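Working notes, structure below.
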Amino acid sequence: MRSVLPLTSRVPTSTFLYRQFRSPTHPLHIHHSRFPKPWHSRCITRHIFTGQTSEASRTDTAADETLRRVFDDPSYWNTHGVETSANPTTTGLLGFRLLTHPEGFAQAGEVALREIRLIIEKVQEASRTETATELHKTVKRLDKLSDILCSVLDTAELVRNVHPDRTWVRAADSVHVALNSFMNELNTNRELYAALQKGKNIERLSQQARRVADLLSKDFEKSGIHMDVKHRRRYVELQDRIDVLAQKMVMNPYPAVREVGVDDVRLLEGLPDRLIRHLTTRSRKAVIPTTGPISASVLKMVRNEEVRKKLYVAMNSGSPQQIEVLEELLQKRGELARTVGKETFAHYCLADKMVQRPEHVSSFLEALHAAQRPSAIQRLQTLRQLKHRLGSKSDVQIWDRLFLSQFIPSPVASDNAAVSGGANLSHYFTAGSVFAGLSKLFQALYGITLEPTSVSPSEAWHPDVRKLQVVHETEGLIGVIYCDLYRRKDNAAHKFEGSAHFTVRCSRRVDDEEHFSSDYQNGVMRIPETEKEFVQDGKLKRFQLPVVVLVTPFERPRDGHPSLLNLWQIETIFHEMGHAMHSMLARTSYQHISGTRVPMDFVEVPSILMEQFARSPSFISSVSRHYQTHDRIPPHILDAALGLSHSKDPFESLHQLQLAMLDQMYHSSIPIDTDFDSTKTWMRCQDSCGVFPPVETPWQVQFSHLSSYGATYYSYIWSGRWARRIFRRWFEGRPVDQWKEGGEMLRNELFGVGGGRDPWIGLEKVGVVVDGEREGVYTVDSNDIG
């Protein structure tokens with residue numbers, strides 16, 4: 001998801017969009033307004049599907065039923081969704097003809113390079129001859145160059161994160177490293193930059209072309225195009241090393257200590273007996289994993305403080321190797337910024353974001369911190385009093401937070417009380433019913449539905465993969481979404497363990513482009529089946545349609561039982577589908593400004609907006625369907641669960657700000673110091689921004705968003721504010737049949753333009769910008785805080 005030129009202003013190739021996850025330690029960990037906590041999810045009790053029907057289910061359409069069965073019933077998909085007669089010699093991975101075998105990646109790289117070199121020759125020739133007709137093609141040619149690179153790079157990025165076959169992963173990784181390095185060299189190519197400057201001065205450029213030319217020029221300049229050969233070469237070396245370090249970090253964001261032993265199981269008092277038995281070994285000792293929901297249950301339920309402390313420290317552990325990778329990454333970013341003449345990496349990174357300057361980020365975060373800290377201190381005092389009443393004389397610590405919080409009276413019914421009689425909220429939400437609900441939502445907003453379609457065996461990287469066509473009520477097919485939702489059967493099988501949106505291909509006009517290499521012209525790295533003509537500006541134009549992939553780590557359907565989702569997982573799908581719909585809606589003539597290729601501090605707005613719908617009681621109720629009886633969820637269960645899930649926790653809100661502030665510290669001048677210590681910096685951040693006594697652990701190595709959201713972690717909080725304002729302005733309190741007005745406004749003025757316009761303009765047009773905010777003056781509205 002990156003331009004050929006440094007995509008400092010948009011989401012880079014090596015950055016796929018993934019939702020925040022929270023580390024129960026203090027951590028939250030990242031990607032949206034409320035930071036979910038999977039370890040708090042309830043255990044899911046599964047029963048045999050009975051096939052019963054209800055009055056509520058009979059209101060659903062045949063299309064809804066098909067969507068549900070595609071995701072909930074593997075046997076149905078295997079019968080109807082997998083093409084048995086497809087010709088594997090013509091259909092490759094994701095529809096790319098070359099990718100029928102791992103060696104196809106090397107061939108794809110060669111084909112891409114041949115076409116790119118021919119494009120470069122044409123661009124440079126036009127610059128030398130200065131023929132107006134040829135100069136006019138410069139922006140389009142450079143955009144095509146970028147699209148060709150992205151077709152290989154973005155596919156490789158996906159494969160190296162999700163393909164179960166290590167041979168494929170190695171092939172993808174090899175071509176990714178090679179082409180990424182080539183791209184970094186192009187970013188400092190002065191001849192291309194000079195040609196672009198001549199091409200952008202042509203008077204007949206369209207508004208989109210001029211926007212792309214301006215963005216490409218700025219990207220060239222951020223890559224130090226003004227520097228001498230020595231410094232440009234150093235820039236490429238640094239960028240290559242940064243890419244390698246970032247990938248290392250994102251692939252190993254786990255505690256260094258994987259389990260904690262407890263010699264006497266009596267110290268686990270407070271845990272349910274069944275869980276104690278599960279943790280107990282033959283030697284009568286207990287072994288507690290440091291990741292997953294069990295560790296959170298121990299922090300919440302075990303009465304012995306020493307056990308909680310020991311587990312907490314282990315959960316926040318990091319190895320010397322992980323620390324070394326992180327600190328080198330931060331230092332190399334600092335050096336890169338200095339190489340191109342910027343004070344810090346934050347100054348380098350933020351110049352083309354909505355906020356523009358680190359000082360604006362600090363003002364924004366400090367205003368929110370000042371508003372939220374008093375409530376966190378008040379809650380801390382409550383916990384302190386609770387701990388003393390329970391007989392402890394020590395001060396409250398971070399590992400006491402979950403344990404003591406359960407004793408605070410809440411107006412919301414407890415989780416167990418809310419699901420009385422053995423009912424469980426997740427029984428009303430299968431993966432299939434949630435996708436059927438999303439299809440209804442998109443139809444209400446944009447006139448769009450999700451329609452499952454079959455795949456050939458060589459098109460998908462795993463049997464779990466499902467394929468959806470995105471169909472508009474008047475425009476027809478507008479894009480394709482592949483879904484890889486479930487954990488692998490074999491734990492050794494390779495798959496990214498979080499939730500993510502990968503862009504494989506962006507929308508782009510193709511009927512007006514040139515072809516130079518016969519291989520590329522013949523479509524070996526194109527997907528002709530997903531190219532289509534649309535009428536735009538009164539003219540018939542042909543576009544390549546966007547192709548994206550959604551990845552989640554949900555439990556697999558098994559033994560005839562569907563995958564059941566809790567509220568956090570429902571929000572996760574809504575969030576990632578917000579990114580996907582952004583890709584679908586933004587049909588531009590240039591891939592450099594298509595879909596999610598927008599400033600990093602705007603990219604989360606569509607996804608966090610979708611979360612607001614997942615929190616709407618009336619809408620989420622319409623999505624529900626008990627997997628046995630097909631009944632809608634009873635209001636008292638939903639209301640209690642939503643209240644419990646979305647009740648504001650001042651510690652979590654404050655900690656999210658703390659992480660955003662840590663990100664700014666790590667990308668300030670601090671890492672350039674010779675005595676830089678990332679753990680000590682994390683300690684200082686805890687001390688100045690938090691309310692609990694600091695704990696000296698290298699948890700920062702698990703803060704994997706530093707790999708791809710460096711200096712822009714504030715974007716989640718920043719984007720959440722706009723998303724909540726949009727929801728209140730256009731959807732909250734309105735019946736579903738009136739949502740189309742707001743949906744069309746968003747498509748026309750905000751999401752549909754992609755990166756073709758400054759996001760501030762779109763936000764102003766939809767009526768959510770307060771006076772002074774664009775100039776860096778921020779006021780705190782409690783409604784903006786998630």
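No experiment lies behind these values; they were computed from the predicted model shown.
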Pair H655, Q658: side-chain N/O donor-acceptor within cut-off below 3.5 Å: yes
Contacts of type side chain to side chain contact (heavy atoms under 4.5 Å, CB included), residue E696, not counting sequence neighbours: T679, M683
Nearest-0.5 Å distance, CZ of residue F613 to CD of residue E732: 10.5 Å
Any donor-acceptor pair under 3.5 Å from W760 side chain to M354 backbone: yes
Backbone N/O of Y348 and side chain of K222: donor-acceptor pair under 3.5 Å: yes
Side chain Q322, main chain S319, donor-acceptor under 3.5 Å: yes
Electrostatic pair D677:R684 at N-O distance under 4.0 angstrom: no
Point-to-point distance, once rounded to the nearest 0.5 Å, from CG of L662 to SG of C689: 8.5 Å
Aromatic W718 / basic R721 pairing, under 6.0 angstrom, 45° off normal: yes
Euclidean distance, L326 CG relative to K248 NZ, rounded to 0.5 Å: 13.0 Å
Partner residues of P255 under the side chain to side chain contact (heavy atoms under 4.5 Å, CB included) criterion, sequence neighbours left out: T290, T291, S317, Q702
SB check E343 R338 (cutoff 4.0 Å): no
From CG (D484) to OG1 (T552), nearest 0.5 Å: 7.5 Å
Test item: D400 side-chain N/O and Q397 main-chain N/O as donor-acceptor pair under 3.5 Å: yes
Test item: S653 side-chain N/O and P650 main-chain N/O as donor-acceptor pair under 3.5 Å: no
R308 to F403 six-membered ring, cation-pi geometry met (6.0 Å, 45°): yes
Step-by-step side-chain contact (heavy atoms from CB on, under 4.5 Å) determination, I593 to R597: CA-CA 5 Å; I593 55 173; R597 298 183 194 272; 5.9 Å; no
Exam field: side chain H667 to backbone D663, donor-acceptor pair closer than 3.5 Å: yes
Lys/Arg N to Asp/Glu carboxylate O, R160 vs D154, below 4.0 Å: no
Donor-acceptor contact present, side-chain S719 to main-chain Y716, <3.5 Å: no
Heavy atoms of other groups near E764 CD, more than 12 under 6.0 Å: yes
Cationic N near anionic O, under 4.0 Å, D649 to R401: yes
Aromatic plane relationship, W699 with F703 - under 30° parallel, 30 to 60° tilted, over 60° perpendicular: parallel
Short side-chain to backbone donor-acceptor contact, E157 and F502, under 3.5 Å: no
By salt bridge (Lys or Arg N to Asp or Glu O under 4.0 Å) - contacts of R241 (at least two apart): E328
Under 3.5 Å side-chain donor-acceptor pair for H501 and E576: no
Nearest heavy atoms of T712 and C349, plus distance in Å: CG2-SG, 3.7 Å
Side-chain donor or acceptor of R373 paired with backbone N/O of G690 under 3.5 Å: yes
Atom pair CD (E324) and CD (Q321), whose distance is rounded to the nearest 0.5 Å: 7.0 Å
Verdict with supporting geometry, V695 and W399, side-chain contact (heavy atoms from CB on, under 4.5 Å): CA-CA 10 Å; V695 181; W399 49 79; 3.9 Å; yes
Parallel, tilted or perpendicular, as decided by the 30° and 60° cut-offs, for the rings of Y713 and H705: perpendicular
From CA spacing to verdict: side-chain contact (heavy atoms from CB on, under 4.5 Å), E749, R757: CA-CA 9 Å; E749 299 295 350; R757 189 172 66 187; 3.3 Å; yes
Inter-residue atom distance C506.SG - H592.NE2, 0.5 Å rounding: 10.5 Å
No-hydrogen, no-angle side-chain donor-acceptor test under 3.5 Å, Y709 and E604: yes
F692 ring center near F651 ring center (under 6.0 Å): yes
Distance-only polar pair, side chains of T344 and H347, donor-acceptor under 3.5 Å: yes
Donor-acceptor contact below 3.5 Å, side chain N180 vs main chain H176: no
